[in-house]
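So the structure is just underneath, and the comments pick up after that.
Remember, it's 1-based here, ligands and their atoms both numbered in the order they're listed.
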Amino acid sequence: LRERAQEGAPMPAVVLVGAQWGDEGKGKATDLLGSRVDYVVKFNGGNNAGYTVVIEQPDGGSEKYALHLLPSGILTPTCTPVIGNGVVVDLEVLFHEIDGLDARGVDTSKLVVSANAHVIAPYNRVLDKVTERFLGARKIGTTGRGIGPTYADKMSRTGIRVQDLFDRHILEQKVEAALRIKNQVLAKIYNRRAIAVDEVVEELLSYADRLRPMVGDTSLLLQQALDRGDTVLLEAGQATLLDVDFGTYPFVTSSNATAGGACTGSGIPPTRVERVIAILKAYTTRVGEGPFPTELFDADGEFLRKVGAEYGTTTGRPRRCGWLDTVIGRYATRINGVTDFVVTKLDVLTGLERVPICVAYEIDGVRHDEMPVNQSDFHHARPIYEELPGWWEDITECRTFEELPANARAYLLRVEELIGARVSAIGVGPGRDAIIVRHDLLGAD
Ligand code: GDP
Ligand code: IMO
Ligand code: MG
């Protein structure tokens, strides 16, 4: 890509998405690319995301960063982190994260926030929690961060945008309009106290001065960057099966976490996107409610949870665990137009006698090789497994594909065949360097 830029062709935008239900290791993959890209853009979601980046230190120790809202590019000094228009921003969390990183010596001064991003108002945090409680057994299992209600406001045209914070009069009008209905709902349906307009306005305004210098027209900024030949990495929060259109609705998040969302959430046109990298964990996890065909309720599930340290970064909930599902992998390839996969956490599968891969579903006695379009079918899909022989060797120090045990290589080649796109990199441990690169993720081939 760099060569292309030198030849005068504008460098394209690169999209990075999760292929499953989140927590595939997107943060680590973005961090890996950080030093080679000029901008990292978060284009959807908010602080429902949680990603952990582990950076080895020269003294042999390691630094661990757990982020929720800031793009992981913030950990790379040369790269400009951007919060795009498609994101919903909790300002308290934003500044808490910035302060936390500043205290650890990370330079956060380059952050740019879209003037069109929506703000998570305090009443939407309350509404997220009370609606979940109200749903009882039918709850979604949200992160309780106010994500769904804030996106609902955006679509209902009653949302508060970042730019509204710089005009007290407008802000008061908008909060007043939003609360006129929400207070009725809170008091009459949920038996909660009404929320005062002033309280909300003052809380939001308390962040305005600090926010102002970070705010800009991020679509214009990114377009100009692309015109100059800079590389822009668009990083998804959540993942394909949590996407509001293509996920396991209604057990999804409220934004477009697939590749298409990268354009609408950043203001970069589709013609600029030439590469889509999807992150696929070597097994499957899910947090919250909803169908999950390969979920394990036995010792194998416990093994994956324990060895993979599968506890939510955001809510601390134990993640539901199961075998790799390549029906989902194929679906992710198709929906996102994946050019390259990064298979993460292969090291977690070490020590298994046999490694099952779900290749298709059986639904009411019929084999399905593709994701069923009917949600009820997916709810009772039974996985059809193919079992591959496992490996016992420690792979955490492997840095080339050839160094991997033959059975691990065979496993990856079979996965590649089943998901229909190449596996360009393989994660073999949590650290920044614990990765095998087969094809340069930003390279021209
Ligand atoms: P994200 O939400 O997609 O960014 O992923 P999370 O950070 O929530 O979850 C992935 C977890 O796996 C993090 O704790 C990472 O440090 C860890 N991780 C990422 N890649 C690997 C890998 O290849 N091997 C192992 N063992 N851990 C990994
Ligand atoms: P990252 O970026 C895993 C899940 C929640 C819940 C559903 C809706 O770390 O991969 P929401 O609060 O978004 O309305 O909750 O989506 N969820 C995630 N699960 N990883 C995430 O983000 C998630 N973000 C939301 O658990 O089931
Ligand atoms: Mg996560």
Return yes when [X] approaches ligand 2 closer than 4.0 angstrom through a heavy atom, no otherwise.
{"X": "Arg145", "value": "no"}
{"X": "Ser254", "value": "no"}
{"X": "Thr285", "value": "no"}

Per-atom contacts of ligand 1 with [X], taking only distances under 4.0 Å to non-hydrogen atoms:
{"X": "Gly50", "value": "1 (P), 2 (O), 6 (P), 7 (O), 8 (O)"}
{"X": "Val428", "value": "23 (O)"}
{"X": "Gly27", "value": "4 (O)"}
{"X": "Gly427", "value": "23 (O)"}

Look only at interatomic distance and state if [X] has a nitrogen or oxygen under 3.5 Å from any nitrogen or oxygen of ligand 2.
{"X": "Lys26", "answer": "yes"}
{"X": "Asn48", "answer": "yes"}
{"X": "Val287", "answer": "yes"}
{"X": "Asp23", "answer": "yes"}
{"X": "Thr142", "answer": "no"}
{"X": "Arg317", "answer": "yes"}
{"X": "Asp128", "answer": "no"}

Would you mind finding which of [options] brings a heavy atom closest to [atom]?
{"atom": "atom 9 (O) of ligand 1", "options": "Asp23, Val342, Val287, Val17", "value": "Asp23"}
{"atom": "atom 17 (N) of ligand 2", "options": "Leu67, Thr253, Leu242", "value": "Leu242"}
{"atom": "atom 5 (C) of ligand 2", "options": "Gly247, Ala239, Gly288, Gly141", "value": "Gly141"}
{"atom": "atom 13 (C) of ligand 1", "options": "Thr52, Val348, Ile436", "value": "Thr52"}

Could you tell me whether the side chain of [X] and the main chain of [Y] form a donor-acceptor pair under 3.5 Å?
{"X": "Glu97", "Y": "Leu70", "value": "yes"}
{"X": "Asn407", "Y": "Gly390", "value": "yes"}
{"X": "Asn48", "Y": "Thr143", "value": "no"}
{"X": "Arg330", "Y": "Leu418", "value": "yes"}
{"X": "Asp38", "Y": "Thr231", "value": "yes"}
{"X": "Thr76", "Y": "Cys79", "value": "no"}
{"X": "Arg180", "Y": "Asn183", "value": "no"}
{"X": "Lys281", "Y": "Asp23", "value": "yes"}
{"X": "Ser255", "Y": "Ala257", "value": "no"}
{"X": "Ser72", "Y": "Thr30", "value": "no"}

Looking at [Y] and [X], is any side-chain nitrogen of the basic one under 4.0 Å from a carboxylate oxygen of the acidic one?
{"X": "Arg145", "Y": "Asp90", "answer": "no"}
{"X": "Asp153", "Y": "Lys182", "answer": "yes"}
{"X": "Arg438", "Y": "Glu416", "answer": "yes"}
{"X": "Arg320", "Y": "Glu302", "answer": "no"}
{"X": "Arg414", "Y": "Glu417", "answer": "yes"}

For Trp21 and Thr284, run side-chain hydrogen bond (donor to acceptor under 3.5 Å, both in side chains): C-alpha distance rounded to whole Å, both residues' side-chain angles, the deciding distance at 0.1 Å, then the answer.
CA-CA 8 Å; Trp21 277 288; Thr284 314; over 6 Å; no
Quick check: [X] and ligand 1, any N/O pair under 3.5 Å apart?
{"X": "Gly429", "answer": "yes"}
{"X": "Gly22", "answer": "no"}
{"X": "Asp347", "answer": "yes"}
{"X": "Gly25", "answer": "yes"}

Could you identify the single nearest non-hydrogen protein atom to [atom] and state the distance to 0.1 Å?
{"atom": "atom 19 (C) of ligand 1", "answer": "Lys28 CD, 3.7 Å"}
{"atom": "atom 1 (P) of ligand 1", "answer": "Lys26 N, 3.5 Å"}
{"atom": "atom 23 (C) of ligand 2", "answer": "Gln238 CG, 3.7 Å"}
{"atom": "atom 11 (C) of ligand 1", "answer": "Lys345 NZ, 3.7 Å"}
{"atom": "atom 12 (O) of ligand 2", "answer": "Thr143 OG1, 2.6 Å"}

For [X], atoms of ligand 2 separated by under 4.0 Å from a heavy atom:
{"X": "Ile140", "value": "27 (O)"}
{"X": "Ala49", "value": "1 (P), 2 (O), 9 (O), 22 (O)"}
{"X": "Gly50", "value": "1 (P), 9 (O)"}
{"X": "Val252", "value": "7 (C), 8 (C)"}
{"X": "Trp21", "value": "3 (C), 19 (N)"}
{"X": "Gly22", "value": "10 (O), 20 (N)"}
{"X": "Gly237", "value": "2 (O)"}

For the pair Glu310 and Tyr283, evaluate side-chain hydrogen bond (donor to acceptor under 3.5 Å, both in side chains) and give the outcome as yes or no after the intermediate values.
CA-CA 11 Å; Glu310 296 295 352; Tyr283 50 96; 2.5 Å; yes
Please determine whether any non-hydrogen atom of Arg319 lies less than 4.0 Å from an atom of ligand 1.
yes
When you check the side-chain N and O atoms of Thr258 and Asp243, is any donor under 3.5 Å from an acceptor?
yes
Less than 3.5 Å apart, any donor N or O on the side chain of Ser114 or Asn116 sitting next to an acceptor on the other?
no
Step-by-step side-chain contact (heavy atoms from CB on, under 4.5 Å) determination, Tyr361 to Asp325
CA-CA 10 Å; Tyr361 303 136; Asp325 184 337; 2.5 Å; yes
Please work out, at 4.0 Å between heavy atoms, whether the side chain, the backbone, both, or neither of Lys64 comes within that distance of ligand 1.
neither
Apply the test side-chain hydrogen bond (donor to acceptor under 3.5 Å, both in side chains) to residues Ser206 and Glu203: give CA-CA distance (whole Å), side-chain angles for both, the deciding distance (0.1 Å), then the verdict.
CA-CA 5 Å; Ser206 71; Glu203 180 180 329; over 6 Å; no
Can an N, O or S atom be found in Gly22 less than 2.8 Å away from the Mg ion (ligand 3)?
no
Could you check which N/O/S atom of Asp23 is closest to the Mg ion (ligand 3)?
OD1
